[in-house]
Engineer: 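Sharing a structure below in structure tokens format, with a few things to ask.
Side chains included, hydrogens not; waters and symmetry mates left out as well; all remaining heavy atoms used. As the structure is a prediction and not an experimental result, all values here were calculated from the model. We count residues from 1, following the sequence as given.
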Amino acid sequence: YTVPIEMQLFTLFVPENESFLKYFSSIGKTGVADLSQQEAVQLFTLHVLRNPRSRYHLIYEYIWEEEQGPKGEYASLFFRKPTKSFSLPKVEVRKYNTTLIDQEYLVYSENKYLPIFSTNFFSDYFGSSDGSDYLFMYRDSKWGDNLNIHASMVTEAEVRTANGFIYYLDKVIEPMPNIDEYLRDKKDEFTVFYDLMQRFADYTFTKVRPEDKMKLYQKSYRIISNLADETGAFGSNRAMKEMYSLFAPTDKTMTTYLNEKLLKNFESIDSIPEITLAYIVETQMAWSLCLISKIEHLFFNMQGDQTEISRNDIESAFMCSNGVVYGTNRVLEPNVFITVPGNLFFDKDYSTFLIALTQADVMSRLSNINENVTLFAVNNEQMEKHNIRFSHEKSQIQFFGSDGLWKPIKADFLREFVLDHICIGSLNDLSGEGFIEMQSKNYIHYKDNKIYGGENISQNIFPKVAQKIENEKNGMLYLLDNPIKTRFSFGQLISSDPDLEKFKDLLIMANLLDTSYVDIITDNKTPMLLIISESDYWTFFLPDNNAIDKAFTDGLLPDITQPLLSSGIDSIRSFCNYHFIRKNVIFDDGKESGELDTNQPSKVADTKNSYAKIIVNNNYNNLSITDLSGNVINIDHKNANLLVSKGVVHKISTVLKSEL
């Protein structure tokens, strides 16, 4: 570094000799000569920044193509500065992989980011600018209004030289571990929590060390936040602005929690579902710098739960290269443990369903104590029986396709499956009968503690309530013996019912039904009603074959024995569209009546963007409709309420007329 320092532009942070002597004494060395070359580079590069930085430019960093000044949008929030320092490689042993257990890895770190704190930063970050937040994180340091370079106070700033700036410090900037390295090396303090983390650790071979040809590995974490990443939670684009915070329970605290909360339900930590452990670990983390003055006032955990934290919960603090570690005497518990899905976390048989809930990003709603919900859950065995499983080997939820292969499940398919099992509000009694809109916007029918989704009905598999669990916080949990399945489309229903064949043929003639459509979620060929995406809610009144024959006899439909002109196709399309109610799902449950829009555009000349109407008169088990010709059609209850995706089908024995 001699030539670069002499010839190029730099910023140097320079401790006095006495500070170095104190540091060397603390690590059992007598001076610089006792350091290896790697140790010297590691230490020296923490005291050097590329480019000359005045105090102004240290605080108001030029980034994201704009200069940050006192009135800038981001002001002084870019407080982490990239250095060329690193952690010395260290051997780690994998503990929790069935195929690679006890494998050794020589782990290295990427370059470190050096935090620089100022009064300006704490003011712009809405913390305490009097130094109290800083001293809570750096308990053996002094606060200087001038600048604080990590744990060192600047005693003299902006010493200008021909090729840069010097800042004199009261302490040596000691080598900075990242959070993962700090926990790893902090013996007998956070070993239990760190051991939980290691169940999610991965090691990736990335390069070879030149001097001895040793393989070097990067460490990372799956499922939980990657506390081994030097850049922080958001990657290099936001590394100068963001870092992690970890509320690490001490060994005594973590052991007590596990014994009292989990090991009553499981024989050992190894038998606890991975998803349960992941929620415990992740809830102790935050993706931003947590200042005590702010979190005592308001704090939300990683799941969005508001959590109370006081300084009495925090016993120690240590600033790492990628975030701050607060040693705590309390485990922050996720709301999901005490709300509707809570019981599932303490039962190993529901891990796949829990992972599905997490990947579908619905846990925050299920754990919201301000809104009641009802959750229907199904166990691992039943999910796999119905072609959904979790592969521990590949750490992914998989779907068994029609090609006979297990493959990663598509995100849209998984989300729809999950939302089919959630509804808003607390359903206290399923012993009666009714229809429920699920969060997927599909409907199910319940009767005598059985559930009927569209696909359930088509497969003749009806989920039954095995157990009902009321939650005092926010709703109800029902354990089912089979999953709810609603993916039964209008096209599938009309194609499987011979009594509707002639109306189906009309839909095909009108280019409303695509019989060769390939479902983008399941990759299966399935008939598709092409207008279905125009609304989330539909009611279909489908005339049977006899009704269609009479419509031809009465001249309501064009002659299809001859080639159809475009006017004939348009006539058939209008005829079909008048049998569809858009933006409403109507059952014969006695609830909704009134004048509703069909899917046929209105023929009234002065009306724009409106649709021909139909009148619905809804009595319990007795639904009737009045068309524009004045005809009243009564719907037989046995032909009503046929559930399909996005709506319901009612079979009728008389066609509807949109004209007098």
Side-chain angles (χ1 to χ4, degrees), residues 402 442 454-455 457-458 486-583 585 597-603 611-612 614 625 627-628 633 635 639-640 642-659:
S402 57
N442 294 319
E455 190 175 354
I457 296 170
S458 71
T486 67
R487 284 189 62 80
F488 187 63
S489 69
F490 171 92
Q492 288 174 297
L493 182 142
I494 198 171
S495 298
S496 62
D497 189 340
D499 204 29
L500 298 175
E501 183 176 2
K502 294 186 177 181
F503 188 77
K504 180 194 73 173
D505 292 340
L506 292 178
L507 292 174
I508 295 172
M509 292 178 196
N511 297 318
L512 291 173
L513 187 70
D514 182 357
T515 58
S516 59
Y517 178 82
V518 177
D519 191 319
I520 61 173
I521 290 180
T522 63
D523 294 326
N524 294 330
K525 186 176 178 181
T526 182
M528 171 61 68
L529 184 67
L530 296 179
I531 62 170
I532 197 75
S533 61
E534 295 177 10
S535 173
D536 290 325
Y537 305 101
W538 292 91
T539 301
F540 305 101
F541 297 107
L542 304 188
D544 60 23
N545 294 337
N546 291 332
I548 297 298
D549 287 339
K550 190 172 189 307
F552 278 113
T553 301
D554 294 343
L556 300 176
L557 288 166
D559 184 4
I560 61 174
T561 61
Q562 303 296 324
L564 284 171
L565 301 176
S566 59
S567 59
I569 294 174
D570 290 343
S571 175
I572 293 174
R573 183 179 297 115
S574 294
F575 173 86
C576 293
N577 276 326
Y578 191 64
H579 289 77
F580 303 155
I581 293 180
R582 53 189 287 119
K583 298 185 178 181
V585 179
D597 286 343
T598 67
N599 200 53
Q600 180 188 332
S602 174
K603 295 182 179 180
Y611 296 88
I614 196 169
I625 46 180
D627 62 21
L628 285 177
I633 296 94
I635 299 170
N639 293 323
L642 306 177
L643 291 172
V644 293
S645 301
K646 291 194 171 187
V648 63
V649 169
H650 305 286
K651 293 168 63 173
I652 56 178
S653 57
T654 304
V655 300
L656 304 179
K657 303 175 186 177
S658 60
E659 298 179 1

Engineer: Side chains of N511 and L530: closer than 4.5 Å at any heavy-atom pair?
Structural biologist: no
Engineer: Rounded to the nearest 0.5 Å, what's the gap from CG on L493 to CG on L500? Could you check?
Structural biologist: 6.5 Å
Engineer: If you apply the rule side chain to side chain contact (heavy atoms under 4.5 Å, CB included), what do you find for N577 with I531, and how did you get there?
Structural biologist: CA-CA 10 Å; N577 276 326; I531 62 170; 3.8 Å; yes
Engineer: Any side-chain heavy atom of F503 within less than 4.5 Å of one from I652?
Structural biologist: no
Engineer: Under the side chain to side chain contact (heavy atoms under 4.5 Å, CB included) criterion, do D627 and V655 qualify, and how do the steps go?
Structural biologist: CA-CA 9 Å; D627 62 21; V655 300; over 6 Å; no
Engineer: Please give me the minimum heavy-atom distance between T598 and Y611, naming the atom from each residue.
Structural biologist: O-CB, 3.2 Å
Engineer: Measuring from atom CG of L506 to atom CG of L513, what distance do you get when rounded to the nearest 0.5 angstrom?
Structural biologist: 11.0 Å
Engineer: Looking at side-chain heavy atoms only, is the closest gap between F580 and L542 below 4.5 Å?
Structural biologist: yes
Engineer: Distance check, rounded to the nearest 0.5 Å: I581 atom CD1 versus I625 atom CD1?
Structural biologist: 7.0 Å
Engineer: For L656, does its backbone N or O pair with a side-chain atom of H579 as donor and acceptor, under 3.5 Å?
Structural biologist: yes
Engineer: Counting only N and O atoms by type, is there a donor-acceptor contact under 3.5 Å from the side chain of N442 to the main-chain atoms of K646?
Structural biologist: yes
Engineer: Is the backbone of T486 close enough, under 3.5 Å, to the side chain of S645 for a donor and an acceptor to pair up by distance?
Structural biologist: yes
Engineer: Measure the shortest side-chain to side-chain distance between K583 and D597 over non-hydrogen atoms and say whether it is less than 4.5 angstrom.
Structural biologist: no
Engineer: By side chain to side chain donor-acceptor pair (under 3.5 Å), which residues pair with D536, not counting sequence neighbours?
Structural biologist: K441
Engineer: Verify, without hydrogens or angle tests, whether R573 (side chain) and A510 (backbone) share a donor-acceptor contact under 3.5 angstrom.
Structural biologist: yes
Engineer: Is the ring pair F540/W538 parallel, tilted or perpendicular, if the boundaries are 30 and 60 degrees?
Structural biologist: parallel
Engineer: Could you tell me whether a side-chain N or O of N599 sits under 3.5 Å from a main-chain N or O of R582, the two making a donor and an acceptor?
Structural biologist: no
Engineer: Write down the atom of L628, the atom of Y578, and the distance for their closest heavy-atom approach.
Structural biologist: N-OH, 3.0 Å
Engineer: Hey, do the aromatic rings of H650 and F541 have their centres closer than 6.0 Å?
Structural biologist: yes
Engineer: Within the structure provided, determine whether I494 and P527 are in side-chain contact (heavy-atom separation under 4.5 Å).
Structural biologist: no
Engineer: If I compare all heavy atoms of L643 with all of I457, which pair ends up nearest, and what's the gap?
Structural biologist: CD1-CD1, 4.3 Å
Engineer: Strictly distance-based, threshold 3.5 Å: is any side-chain N or O of N545 a donor or acceptor partner for the main-chain N or O of K502?
Structural biologist: yes
Engineer: Determine whether a donor-acceptor pair (N or O, by modelled atom type, separation under 3.5 Å) exists between the side chain of S571 and the backbone of S567.
Structural biologist: no
Engineer: On a heavy-atom basis, which atom in V585 and which in T539 lie closest, and how many Å separate them?
Structural biologist: CA-OG1, 3.2 Å
Engineer: First locate atom CG of L507, then atom OG of S495, and finally report the distance between them rounded to the nearest 0.5 Å.
Structural biologist: 9.5 Å
Engineer: First locate atom NZ of K504, then atom CG of D499, and finally report the distance between them rounded to the nearest 0.5 Å.
Structural biologist: 12.5 Å
Engineer: Sequence neighbours excluded, which residues qualify as side-chain contact (heavy atoms from CB on, under 4.5 Å) partners of S496?
Structural biologist: F488
Engineer: Go through it in stages, so that I can follow the logic: the residues are I560 and D505, the test is side chain to side chain contact (heavy atoms under 4.5 Å, CB included), and I'd like the CA-CA distance, side-chain angles, deciding distance and then a yes or no.
Structural biologist: CA-CA 11 Å; I560 61 174; D505 292 340; over 6 Å; no
Engineer: Are a donor atom and an acceptor atom from the side chains of D559 and T561 found within less than 3.5 Å of each other?
Structural biologist: yes
Engineer: Looking at CD of E501 and CD1 of I548, how far apart are the two atoms once the value is rounded to the nearest 0.5 Å?
Structural biologist: 12.0 Å
Engineer: Walk me through it: do S489 and T526 pass the test side chain to side chain contact (heavy atoms under 4.5 Å, CB included)?
Structural biologist: CA-CA 9 Å; S489 69; T526 182; 4.0 Å; yes
